[in-house]
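Working notes, beginning with the structure itself.
Within every chain, numbering begins at 1; the chains are lettered A, B, ... in the order of the sequence lines, protein sequences first and strands thereafter.
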Number of protein chains: 2
Amino acid sequence: MTDTTSPGVPLTAPLYKELVRQMRDALGSGEWKPGEAIPAERRLADRWGVSIGTVRKAIDELVAANILIRQQGRGTFVATHTRDRMLFYFFHVVPEDGAKVYPVVRLVSFTRGKADRGEADHLAIVSGDTVVRIRNLLELAGDPIIVDDLVLAAARFPGMTERQFRDRPSTIYNLYQDAFGVSVVRTKERLRARTAEPDVAALLGMPRGAPILEIRRIALGLADEPIELRTSRVNTQHHEYYAEIGGAP
Amino acid sequence: MTDTTSPGVPLTAPLYKELVRQMRDALGSGEWKPGEAIPAERRLADRWGVSIGTVRKAIDELVAANILIRQQGRGTFVATHTRDRMLFYFFHVVPEDGAKVYPVVRLVSFTRGKADRGEADHLAIVSGDTVVRIRNLLELAGDPIIVDDLVLAAARFPGMTERQFRDRPSTIYNLYQDAFGVSVVRTKERLRARTAEPDVAALLGMPRGAPILEIRRIALGLADEPIELRTSRVNTQHHEYYAEIGGAP
DNA sequence: AAGTGGTCTAGACCACCAT
DNA sequence: TGGTGGTCTAGACCACTTA
């Protein structure tokens, strides 16, 4: 019915793109697990009957996307959301002096409910489906700075309990990965300035009507599927949101 | 005096990194100008006596940094800040429906003054050096949404005039590039929520004390030298700041 | 010493663009 | 038709890690 010969849509994709697809499958199916090494480049070249250069080009893409990590002499590993490694990749709130400090997360509430229309759209589920709602209070250097509201599709996290969020050794995305095999790979964020709602202001110890920075995030997985909806409210009296556009020199 | 054999500091840099340095020089010196094609890969390989694969790897880096642009069949070109190409790379304010609209820039004021301590530090000049200060009002779809305050080191932009900012066919970074040979390559931004100052609120048609999004940007050039200090105040009633973390799939 | 990723080569062939 | 970038190969050698 449609014209499949239009330019920009080659009928045969490049070989290395096909390898990227195969690797994404291996990652999504759990054949290659977070933290583990994938087979050596020479072995992959043999397995797929291609040149080692082609394998390297495919791996390059997944390394650039922060999904694989190369370590010379050791191997190539599937990325994990450890506190030291990936936290600051997604966490962009810093003190105004720029130093990076680890947030301490305190669970405020954990409930289940039904997705409203907007939530369902963003999570690629149906309006009325069960969602898990979590509110966290994040402290930086001892002070309450951020209120996080998370919304998750319950179906994607079967058997999730409040306890998992209460005593957690690592990051929240590490919990998703370890306990549910769900890997957050990238996020889209929208920021705006608002006046704080009373409950948020109270948690942050701010006066009513104080300006707060609101961040609405969608976290996406390996296949670009939506995983988490997050609204963060930040007290930017002494903290800022940091962003770089364009790679380092 | 110092130990130069410490790990992570190889004595001989990879060949392709050396090529990257040579290319940055050619760009910085004006041998390769914005909009023009650089020599073909085969010619560069001959010129430097290396394999074409090594040249490609070096070009890859500058393409990833948005400094060069490959076009199959045509050549490799030096990036320009045209309205359609680079504007939305650095301009991240969008209507809440997500559509991208071109800002209309109105010059509010153009003055010269002396750099204070903080400005001098960020611009890598000396406190008291002459700076150019520009205030712009940006309209999106006819409404005033953003107030921009720019600070530039006068020495870097000799003979800059108010007129250049008043009737401008393209973007401000395009002006820097065309009229002064200064290319903005990347930016660092810090965002926070504040209450609007009276003059800013007036320009944006907001009530006193309304919350606004403040963006403090440092724009950096080819050699990572600071070029421009910019403070943007955004009315985020119906607009948002958009950011993506992690590449597209 | 063995195994890994990192660099570099010298070519072949293809897809695309201009003329 | 000739020139460009894009893909792919089959190796060699190096740097690094681990045992």
Side-chain angles (χ1 to χ4, degrees), chain A residues 3-23 26-27 32 35-79 85, chain B residues 3-23 26-27 32 35-79 85:
Chain A
D3 175 21
T4 55
T5 63
S6 54
V9 186
L11 293 166
T12 67
L15 191 46
Y16 78 92
K17 287 282 186 189
E18 173 60 22
L19 296 194
V20 171
R21 213 189 53 73
Q22 302 245 24
M23 294 195 210
L27 290 161
W32 297 345
E36 293 179 358
I38 71 171
E41 295 173 351
R42 287 166 177 80
R43 290 181 56 81
L44 291 174
D46 289 347
R47 185 209 284 195
W48 287 317
V50 300
S51 157
I52 196 173
T54 304
V55 170
R56 281 186 61 81
K57 189 153 185 179
I59 292 177
D60 281 344
E61 283 219 351
L62 297 174
V63 169
N66 241 285
I67 295 170
L68 295 180
I69 293 149
R70 284 210 181 90
Q71 288 183 241
Q72 182 171 162
R74 301 224 310 135
T76 301
F77 299 81
V78 182
R85 275 214 49 265
Chain B
D3 175 20
T4 55
T5 63
S6 54
V9 187
L11 293 166
T12 68
L15 192 45
Y16 78 92
K17 287 283 187 189
E18 173 59 22
L19 297 195
V20 171
R21 211 188 55 73
Q22 302 246 23
M23 293 195 209
L27 291 161
W32 297 346
E36 292 180 358
I38 72 170
E41 296 173 350
R42 288 166 178 80
R43 291 181 56 81
L44 291 174
D46 289 348
R47 185 207 284 196
W48 287 318
V50 300
S51 158
I52 195 174
T54 304
V55 170
R56 281 186 61 80
K57 189 153 184 179
I59 293 178
D60 281 345
E61 284 218 352
L62 296 174
V63 168
N66 241 285
I67 294 170
L68 295 180
I69 292 150
R70 284 210 182 90
Q71 287 184 242
Q72 181 170 161
R74 301 224 309 133
T76 301
F77 299 81
V78 183
R85 276 213 51 262

Exercise. About how many Å separate CZ of A:Arg70 and CD of A:Gln72, when rounded to the nearest 0.5 Å?
Worked result: 10.5 Å
Problem set entry | Per-nucleotide protein contact string for nucleotides 4-10 of chain D (B base, S sugar-phosphate only, - none; heavy atom under 4.0 Å) | BBBBSBB
Exercise. So which pairs with a foot in residues 49-58 of chain B pass salt bridge (charged side-chain N to carboxylate O under 4.0 Å, His left out), sequence neighbours left out?
Worked result: B:Glu41-B:Arg56
For this session: Evaluate the side-chain proximity of B:Ile59 to B:Met23: yes if any heavy-atom separation is below 4.5 Å, no if none is.
Result: yes
Problem set entry | Spatial distance of atom CZ (A:Arg43) from atom CH2 (A:Trp48) [nearest 0.5 Å] | 12.0 Å
Problem set entry | Closest contact, heavy atoms only, A:Phe77 versus A:Gly35 | CD2-O, 3.7 Å
